[in-house]
Student: 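Please read through the structure below; I'll follow up with questions.
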Amino acid sequence: MDLIRIIKLIYKNILIIICLPLFVGTMVFLLNKNKPKEYQSGMIINTGIASGFNLSSMNNTRVDYFAVNNAFDNLTTIIQSRETLEELAINLLASHLCDGDEYKPYISQAIKTELNGDHLEESLFKELSAIGNREKIKKRLYEIYQDTSFNDVKRIIQKTPSFYNIDEIRNNLSLNRKASSDMLEVIYKATDPGVCFQTLDMLSEIFINKYLSSRNFEAGGIIEYFMAELERAKERLNIAEENLKNYSQKNQIINYEEQTKFIAEAKEELERDIYKVNMEIQGAEAALLEVNKKLDNQTRRFLNSSEILETRNRLSKLNTEITSLSLRKEKNFTDKLDSINQLQVELRNKIKTDSEQFYHSNYSTEVIPRITILNEYLRHTLDIDMGKARVTVLEKHRNYFNKLFNEFAPIGFNLSKMAREIQIAEQEYLSILHGLNQAKIHKSNSELFGNLQLLDNPFFPINPKSSKTLLLVVGGAIVSMFFVVGVIIGKDFFDRTLRSPTVIEKNTGLKLIGAFPHAIKNKNIDQEQLLFKLKNLTINNLAIELKDKENPPLIFLMGTRAQDNLTKSGLFLAESLSTAYQKIVYFYYLDNKNDLQESSLNTSEKNNIVVKKYEANDPSIFEKIIKYKEKNYSQIIQVPEFENANLYHLAKLNPSTIILLISADQGWGFHDNSTLQLIRKIFGGTSISVFATQMDPEFMEEIISEIPKKRSKTRVWLKSLITQK
């Protein structure tokens with residue numbers, strides 16, 4: 001759709017485009033001319049949400065814009081909540097019923113008059129007015145409002161349009177955040193200036209109180225929760241610590257890590273001593289084995305004597321006692337150990353003395369060196385006895401350490417478990433304590449810095465707002481005009497009829513050879529000149545279609561469906577063909593809806609066109625066609641619509657071309673396309689073109705340039721400007 005088409009559509013429907021906006025504008029004016037004047041007042045509240053300094057912002061310089069937006073949403077929700085508006089409505093109503101109210105200078109007498117009888121029954125009005133105190137009136141109004149039965153107070157607050165209706169208050173109340181600042185602007189509109197001011201003034205007080213109470217309630221509830229949780233966490237921590245203390249006392253644990261470290265070191269030293277003594281025993285045994293080979297029998301008897309054995313036993317016991325005492329570090333044990341060591345030395349010397357006496361009494365001086373072997377034997381023997389005694393004591397001490405390790409292993413596990421429980425309880429306690437501190441900071445923050453401040457107090461509006469009646473009238477007229485234009489253009493845009501040559505060729509896939517207009521009502525159009533152009537266009541296209549075809553031609557006029565004025569269009573084709581051929585015969589069938597009139601027949605006779613009518617499916621038509629063909633007549637046969645025609649015999653006539661007649665005011669659907677395909681199959685290679693009937697002359701400019709009609713100079717200039725011609 002181009003600009004010229006849009007302009008033509010607007011010009012064609014200019015009457016409705018002008019009349020409907022005028023009607024709408026008039027209706028808007030009549031509906032708003034008696035509308036009461038409207039007053040507006042406002043206030044600005046400093047919330048301090050984003051840039052305000054408080055306890056929470058001391059350590060946080062980053063602004064969370066999501067939290068700020070959420071806080072502003074909370075503020076607007078509190079203002080527009082049902083309970084806030086109900087409290088405002090009841091306060092406002094109580095103020096208007098109280099004669100001694102502080103707002104009395106702002107309230108007109110008309111409001112009280114309207115209350116008495118219009119909104120409240122006279123008896124209820126007198127009852128409430130007689131109370132005289134606004135707080136008591138408000139209390140009584142709450143009692144009536146909260147009653148389960150429907151009453152005047154409920155009706156005036158919830159249903160009847162008035163200054164006290166919560167829906168009316170909500171609709172006239174607007175909330176705006178000033179840019180990205182902390183300021184919240186509240187604007188209220190009403191038809192009475194006093195009510196406008198009073199409503200805003202009461203709303204500011206109610207809103208601030210509700211906001212503070214909601215914040216304090218949140219903080220108080222959180223503090224109570226954390227206090228209770230803190231007591232439980234403290235109790236769990238005390239129980240865990242008490243369990244650890246009792247367990248340590250029961251198992252005599254002062255410092256588990258130091259004690260276990262000491263035990264481990266003592267055990268390691270004991271193992272080293274056992275290893276060292278075993279090595280000494282093995283060395284003494286090896287040496288004793290070598291010395292034993294050098295002893296004679298008499299010496300062996302001496303060594304096995306009861307006196308030597310008794311002394312060795314005494315030394316063995318002393319060695320055991322010495323080893324036991326050496327493992328103890330107390331002072332009294334050290335003194336005893338010294339005396340035992342002295343006794344051990346004396347016994348060893350005694351054995352040495354006895355052995356020397358034995359050799360002196362039993363051997364000569366030549367064999368006195370054998371005493372050295374005896375002394376070595378006794379020394380190694382005593383060393384072995386002493387070593388074994390020490391190993392026995394050390395092994396017993398090893399068993400003691402093993403038992404001690406078995407006792408300390410589960411104690412360590414249990415102590416770790418108890419310490420972990422204490423750590424968890426302590427972390428839980430500290431976490432809850434931190435939450436409690438944060439809640440207290442939040443509460444203190446609300447108490448110290450959470451107060452909303454009125455930056456601009458509500459004011460009493462003196463001048464009413466400028467009337468919007470003119471704006472509404474103009475707006476309604478413009479909107480309705482655009483609506484009508486949109487409907488007209490949309491209707492034309494979604495029109496699916498074959499109205500233009502471009503649409504016809506696109507949908508059918510056939511070449512358009514000409515068109516015939518519908519009844520022309522525009523007197524400015526030169527119909528004679530238009531038909532002349534269309535005839536020339538048609539005969540030129542026919543000449544191309546009939547080129548290299550037999551002469552005289554045989555033309556079939558066919559259609560996919562029944563149409564109006566087909567016979568008249570067919571006659572127009574015959575007249576166009578008569579400019580190129582002298583003898584023309586035109587066959588049309590009687591079943592057509594619009595048969596030819598006598599005037600048309602007479603005109604055709606003058607133009608050397610023979611018009612013959614026949615009945616559909618008349619078998620004699622074939623003989624007539626053959627007869628006129630032999631007389632060298634060019635023939636145009638109007639075939640009945642596809643569903644009523646017998647094309648079997650007509651296909652044998654081998655037409656020169658087929659012209660498909662299509663009405664421009666019809667659509668093109670699946671049926672039409674299927675019919676065209678069948679016609680192609682029936683008539684084989686015969687060329688098919690299309691001729692449009694009932695076409696609007698406005699769309700003919702696509703095939704014949706300009707439509708011949710009278711145009712003003714302004715229209716000619718505008719058209720040349722748009723088309724750049």
Side-chain angles (χ1 to χ4, degrees), residues 2 4-5 7-9 11-12 497-506 508 510-547 553 555 557 563-582 584 586 594 596 599-600 603-604 606-609 634 636 638 657 659-666 687 689-713 715-720 722-725:
D2 55 11
I4 294 178
R5 177 59 183 166
I7 294 173
K8 286 182 178 180
L9 284 173
Y11 181 77
K12 184 178 180 181
T497 58
L498 303 171
R499 52 184 181 170
S500 67
T502 303
V503 176
I504 291 173
E505 290 189 352
K506 180 180 178 181
T508 62
L510 301 175
K511 171 68 177 175
L512 182 72
I513 63 171
F516 188 74
H518 60 52
I520 300 174
K521 298 179 181 179
N522 190 346
K523 296 180 180 180
N524 293 326
I525 295 178
D526 188 346
Q527 297 188 31
E528 184 176 349
Q529 185 65 22
L530 175 63
L531 293 176
F532 176 76
K533 285 187 174 184
L534 291 174
K535 284 181 180 179
N536 287 337
L537 173 69
T538 304
I539 190 59
N540 289 335
N541 285 324
L542 277 175
I544 296 172
E545 289 292 326
L546 296 175
K547 185 179 180 181
I555 302 172
L557 301 182
Q563 303 174 36
D564 297 333
N565 297 326
L566 285 184
T567 304
K568 191 173 182 180
S569 300
L571 186 59
F572 176 79
L573 278 169
E575 291 175 353
S576 300
L577 194 63
S578 66
T579 59
Y581 298 92
Q582 294 298 321
I584 306 294
Y586 174 60
N594 295 315
L596 289 174
S599 59
S600 298
T603 303
S604 299
K606 294 176 183 178
N607 292 333
N608 298 322
I609 299 174
S634 299
I636 300 177
Q638 181 183 332
T657 187
I659 299 176
L660 190 67
L661 296 177
I662 291 180
S663 178
D665 58 5
Q666 76 176 51
S687 63
S689 54
V690 64
F691 184 86
T693 66
Q694 299 292 98
M695 182 174 285
D696 191 334
E698 291 183 6
F699 295 104
M700 290 184 176
E701 288 191 353
E702 295 182 10
I703 53 177
I704 61 168
S705 182
E706 278 194 347
I707 303 299
K709 64 178 179 180
K710 297 178 182 178
R711 295 182 176 87
S712 64
K713 292 182 179 180
R715 290 188 62 180
V716 172
W717 177 78
L718 285 174
K719 185 174 181 180
S720 63
I722 294 171
T723 57
Q724 298 297 317
K725 292 181 180 180

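In what follows, residues are counted from 1 in the order of the sequence shown.
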Student: Calculate, to the nearest 0.5 Å, the distance between atoms OG1 and CG belonging to Thr508 and Leu498 respectively.
Tutor: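 Atom-to-atom, Thr508:OG1 and Leu498:CG are 7.5 Å apart.
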Student: The criterion is side chain to side chain contact (heavy atoms under 4.5 Å, CB included); which residues satisfy it with Ser500, sequence neighbours excluded?
Tutor: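 Side chain to side chain contact (heavy atoms under 4.5 Å, CB included) check on Ser500 returns Thr502, Val503, Phe699, Glu702.
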Student: Kindly indicate whether the side chain of Asp696, heavy atoms from C-beta on, has any atom under 4.5 Å from the side chain of Thr497.
Tutor: no
Student: Distance from Lys533 atom NZ to Lys535 atom NZ, nearest 0.5 Å?
Tutor: 15.0 Å
Student: Measure the CD1-OG1 distance between Ile513 and Thr657 for me, rounded to the nearest 0.5 Å.
Tutor: 7.0 Å
Student: Is there a side-chain contact between Ile525 and Pro517 in this structure, where contact means two heavy atoms from C-beta onward sitting under 4.5 Å apart?
Tutor: no
Student: Would you say Ile636 and Ile609 make side-chain contact, with heavy atoms under 4.5 Å?
Tutor: no
Student: Please step through side-chain contact (heavy atoms from CB on, under 4.5 Å) for the pair Ile539 and Leu577, ending with a clear verdict.
Tutor: CA-CA 6 Å; Ile539 190 59; Leu577 194 63; 4.0 Å; yes
Student: Quick check: closest heavy atoms across Ala692 and Leu512, and the distance to 0.1 Å?
Tutor: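 Distance-wise, the nearest heavy atoms are N-CD1, 3.8 Å.
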Student: Tell me, do Leu661 and Leu573 make a side-chain contact under 4.5 Å, heavy atoms counted?
Tutor: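 Yes, side chains in contact.
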Student: What are the two closest heavy atoms between Glu505 and Leu510, and how far apart are they?
Tutor: CG-O, 3.4 Å
Student: Would you say Ser689's side chain and Lys511's backbone share a donor-acceptor pair under 3.5 angstrom?
Tutor: no
Student: Got a second to check how far Thr693's OG1 is from Ile662's CD1, nearest 0.5 Å?
Tutor: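 One gets 8.5 Å once the value is rounded to the nearest 0.5 Å.
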Student: Under the rule for salt bridge (charged side-chain N to carboxylate O under 4.0 Å, His left out), what residues qualify as partners of Glu545, not counting sequence neighbours?
Tutor: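 Listed in chain order: nothing, the list is empty.
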Student: State the CE-CD1 distance between Met695 and Ile504, to the nearest 0.5 angstrom.
Tutor: 3.5 Å
Student: What distance do Leu531 atom CG and Asn536 atom CG have between them, rounded to the nearest 0.5 Å?
Tutor: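 If we round to the nearest 0.5 Å, Leu531:CG and Asn536:CG are 11.0 Å apart.
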Student: So, does Tyr586 use its side chain to make a donor-acceptor pair with the main chain of Gln638 at under 3.5 Å?
Tutor: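 Side chain of Tyr586 to backbone of Gln638, a donor-acceptor pair under 3.5 Å: no, none is there.
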Student: Would you say that Leu537 contacts Asn541 through its side chain, given a criterion of any heavy-atom pair below 4.5 Å between the two side chains?
Tutor: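 The answer is yes; the side chains approach within 4.5 Å.
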Student: Tell me the closest heavy-atom pair linking Thr538 and Ala515, and the distance in Å.
Tutor: OG1-N, 4.5 Å
Student: Within the 4.5 Å heavy-atom criterion, are Tyr581 and Leu542 side-chain neighbours or not?
Tutor: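 No. Closest side-chain heavy atoms not under 4.5 Å.
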